[in-house]
Protein chains: 2
Amino acid sequence: MLMQNVSMNYEGENVAGIREVATTAGVSMSTVSHVMSGKRHVAPATRARVEDAIARLGYTANPAAAQMRSGRSGAIALVVPTLENPFYPLVAAGMQDILVPRGLLLTISESNGPGGQDVLRHLIARRVDALVAAPFGLNNKLLGELREAKIPFVTLGRVSAAGGDLVHTDDVEGAREITTHLIERGYKKIAFIGGEKEAGTTRERFEGYARAFGSAGRPLVDDDIVFSQFTRAGGRTGAALLLDRESRPDAIVAANDLIAIGILDAARERHLSVPGDLAVTGYDDIDAASLVNPELTTVENPAREIGRACARLLLERLDGDVTDVTRTVALSHRLIVRQSS
Amino acid sequence: MLMQNVSMNYEGENVAGIREVATTAGVSMSTVSHVMSGKRHVAPATRARVEDAIARLGYTANPAAAQMRSGRSGAIALVVPTLENPFYPLVAAGMQDILVPRGLLLTISESNGPGGQDVLRHLIARRVDALVAAPFGLNNKLLGELREAKIPFVTLGRVSAAGGDLVHTDDVEGAREITTHLIERGYKKIAFIGGEKEAGTTRERFEGYARAFGSAGRPLVDDDIVFSQFTRAGGRTGAALLLDRESRPDAIVAANDLIAIGILDAARERHLSVPGDLAVTGYDDIDAASLVNPELTTVENPAREIGRACARLLLERLDGDVTDVTRTVALSHRLIVRQSS
DNA sequence: CTGAAAGCGCTTACAG
DNA sequence: CTGAAAGCGCTTACAG
């Protein structure tokens with residue numbers, strides 16, 4: 001026996017389809033469809049009967065069928081290096097702020113895991129409508145496939161992958177501001193501890209530090225500039241170098257909060273009071289920044305806003321409101337002064 | 001003109017469909033389908049031609065079409081109160097560990113936001129295949145709709161919603177262990193600070209505290225038991241109560257890490273050394289637990305493992321390997337001894 | 001203002 | 001071992 005045209009879910013139970021709604025309301029499937037989409041006028045009385053039937057049967061359109069016609073999956077993907085970094089879930093939350101009201105589904109994947117390199121390919125095969133990626137672990141070939149598949153995408157951070165939009169925060173400016181804050185507070189010897197030297201984040205934040213020095217007419221002192229790693233241990237090691245010298249700094253600008261927390265460790269080990277003997281600043285404003293003692297002066301990296309900006313950019317492309325030009329959105333940071341400076 | 005049966009993406013470009021593959025390989029669409037699914041034998045030579053055509057055209061099946069026939073969306077949802085709590089993204093990561101290899105899409109939503117109550121309804125309409133929910137903000141009516149829609153679901157935590165499976169950690173046992181650890185360390189007056197009194201988490205962790213006392217033959221002292229809130233401020237307030245008494249405790253078991261961090265604040269304000277004057281323990285092992293000074297002794301709440309367990313439970317239901325019986329999975333905690341005890 | 005029917009791209013009985 | 005064709009549940013030209 002051939003299958004009949006009666007909708008079922010996978011438990012084998014009947015579920016109301018557009019056909020049942022049409023029968024119940026005494027109209028055609030076309031009319032039901034048009035009542036739902038609003039794409040053509042329906043007489044008020046007819047509309048009322050249809051809406052009544054929809055409500056009585058608890059009908060909701062099967063998205064798979066709609067997608068098949070429209071060619072859209074209604075899914076947007078976010079690919080991040082790891083969900084263990086609390087920054088990225090906040091980006092996701094920001095995207096949801098925009099996507100949920102539009103009825104779009106957000107799917108989130110990690111690219112650092114074992115099958116990380118397959119993730120993008122999988123999402124392409126899944127026909128996601130658009131994609132946001134933190135491009136750290138992703139190679140250019142994959143980004144190229146994205147372009148080929150004509151899937152709009154935006155990258156997070158400073159690597160502007162051709163063919164996609166870009167959202168980032170102005171780290172140069174944020175680092176300039178926090179350094180200027182220390183200068184204005186009267187600190188005389190302000191050092192810098194960066195993360196991995198080749199990281200864009202390190203470069204930009206160092207650049208901001210350097211600019212603040214330039215504006216203040218202070219020369220950069222090579223010995224006061226250390227590159228380490230973006231971890232607590234990296235901060236401790238870097239600080240040891242600076243603090244065990246004859247003339248130690250009275251302030252340190254750290255390239256992120258974890259480094260700053262490591263500096264606090266090093267200060268404690270040497271019985272230096274913060275900020276009395278040594279001021280310390282971080283970057284990002286992760287949760288821990290306000291949990292450590294003393295609480296860290298830092299720059300807020302507006303993760304949620306970043307997510308919102310990404311989603312808006314993608315929707316504009318999906319809506320066709322945009323030409324081929326690549327767009328860059330820079331979001332503002334915010335200096336947060338706490339106890340450590 | 002009627003639309004032709006040529007696949008296009010929404011940019012209007014041609015994309016290889018199963019029809020093109022069939023033509024290229026000189027076989028029927030049936031055969032292409034069977035080569036891909038492996039559901040019927042195909043002669044090796046035929047198979048080779050088809051696979052060659054698939055590779056040459058870069059064909060990947062349109063999932064919307066497949067979903068329409070199968071009735072499955074291939075999407076699994078995770079609904080959490082907020083993505084700002086770093087626990088939940090880790091649950092998501094654990095789910096991905098299991099779902100990605102199966103080609104399933106994970107979608108994550110917040111239920112605390114403005115449209116939080118609509119989230120579940122939206123996911124039902126979207127026909128997600130299964131769902132994991134932290135049921136805190138969700139009322140029972142919504143859970144009932146889930147049941148009606150025959151969508152398998154598992155809840156996180158202790159509220160066992162009828163019709164779904166349950167994954168939780170054995171908080172009673174974890175709290176018992178950490179309390180016993182303090183007893184064995186020789187602390188004499190061990191107090192307890194809980195979160196909101198009505199929260200299941202508070203109840204279970206207090207229960208573990210009480211059991212450790214029972215096993216050690218110690219009586220519970222009413223004055224040493226305080227209920228507050230699951231926040232840093234709650235910990236500080238609760239600790240103030242305990243520490244400003246004539247006979248203050250020499251150790252405090254906190255119902256979570258944030259409370260413990262608040263206790264550290266209170267101790268610092270009173271110039272009490274930790275653990276010299278006062279031992280403090282937390283619960284959950286959030287990132288901050290090892291960032292504060294002194295680092296917190298705590299109980300690890302294996303978020304990623306929890307996510308894995310949820311995904312496995314759901315897949316078993318989707319694969320039909322399971323009857324109607326509700327299952328409960330309890331995951332083990334792990335005591336982590338650091339500097340604060 | 002509304003309906004009948006083609007078509008979206010697949011999968012799967014049915015038939016050989 | 002393989003193919004022709006029905007059907008999944010919708011949307012949308014086409015026709016009136």
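Quick caveat: nothing in here was measured; it's all calculated off a predicted structure.
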- For the pair B:R126 (side chain) and A:G74 (backbone), establish whether a donor and an acceptor sit closer than 3.5 Å, ignoring hydrogens and angles. yes
From NE2 of B:H34 across to C1' of D:dT2 the rounded distance in Å is 10 Å
Contacts satisfying salt bridge (charged side-chain N to carboxylate O under 4.0 Å, His left out) that involve residues 55-68 of chain A (not counting sequence neighbours) are A:D52-A:R56
Note: contacts of residues 39-48 of chain A with DNA chain D (heavy atom, under 4.0 Å) are A:K39, A:R40
Look at the side-chain N and O atoms of A:S30 and state whether any lies under 4.0 Å from the OP1 or OP2 oxygen of C:dG3.
-> no
A:I18 has its side chain closest, among C:dT11, D:dT11, C:dC10, to D:dT11
Using a 4.5 Å cut-off on heavy atoms from C-beta on, say whether the side chain of A:L315 contacts that of A:L104.
-> yes
Side chain proximity check, A:V50 to A:V42, heavy atoms < 4.5 angstrom: no
Q) Under 4.5 Å between any side-chain heavy atoms of B:L331 and B:V329, yes or no? A) yes
What residues 21-28 of chain A contributes to the DNA chain C interface at heavy-atom separation below 4.0 Å is A:V27, A:S28
Requested in this report: Name the nucleic acid region contacted by B:T31, choosing base, sugar-phosphate or nothing; use a 4.0 angstrom heavy-atom cut-off, strictly under.
Outcome: sugar-phosphate
Sorted by position of nearest nucleotide on DNA chain C, 5' first, the leading residue of A:A65 and B:S37 is A:A65
A:M68 CE to C:dG9 P, in whole Å, measures 7 Å
Distance col, row B:M36:CE vs B:I18:CD1, nearest 0.5 angstrom, shows 7.5 Å
Checklist entry - Quick one: does B:T31's side chain get under 4.5 Å of B:T46's, heavy atoms only? => result yes
B:R49 meets the salt bridge (Lys or Arg N to Asp or Glu O under 4.0 Å) criterion, sequence neighbours left out, with none
Stems field, DNA chain C, Watson-Crick or wobble, 3.5 Å, at least 3 pairs, by first number, holds C:1-3 with D:14-16, C:5-12 with D:5-12, C:14-16 with D:1-3
Separation of C:dG3 atom C1' from A:R49 atom CZ, nearest Å, is 13 Å
Rounded to whole Å, the CD1-P distance (B:I54 to C:dC10) equals 11 Å
B:Q67 atom CD is separated from C:dC10 atom P, nearest whole Å, by 12 Å
Between CG of B:N62 and C1' of C:dG9 the distance, given in whole Å, is 6 Å
If we ignore angles and hydrogens, is there a donor and acceptor under 3.5 Å between the side chains of B:R40 and B:S30? no
Whole-Å distance, A:M29 CE to C:dA6 P, equals 13 Å
Quiz prompt | Close side-chain approach of A:L166 to A:L313, heavy-atom, < 4.5 Å | solution = no
Partner of B:M95 under side-chain contact (heavy atoms from CB on, under 4.5 Å), picked from B:I108, B:V132, B:L90, B:V100, is B:V132
With sequence neighbours left out, the residues meeting side chain to side chain contact (heavy atoms under 4.5 Å, CB included) with A:A61 are A:Y59
In whole angstroms, the gap separating P of C:dG9 from CZ of A:R126 amounts to 18 Å
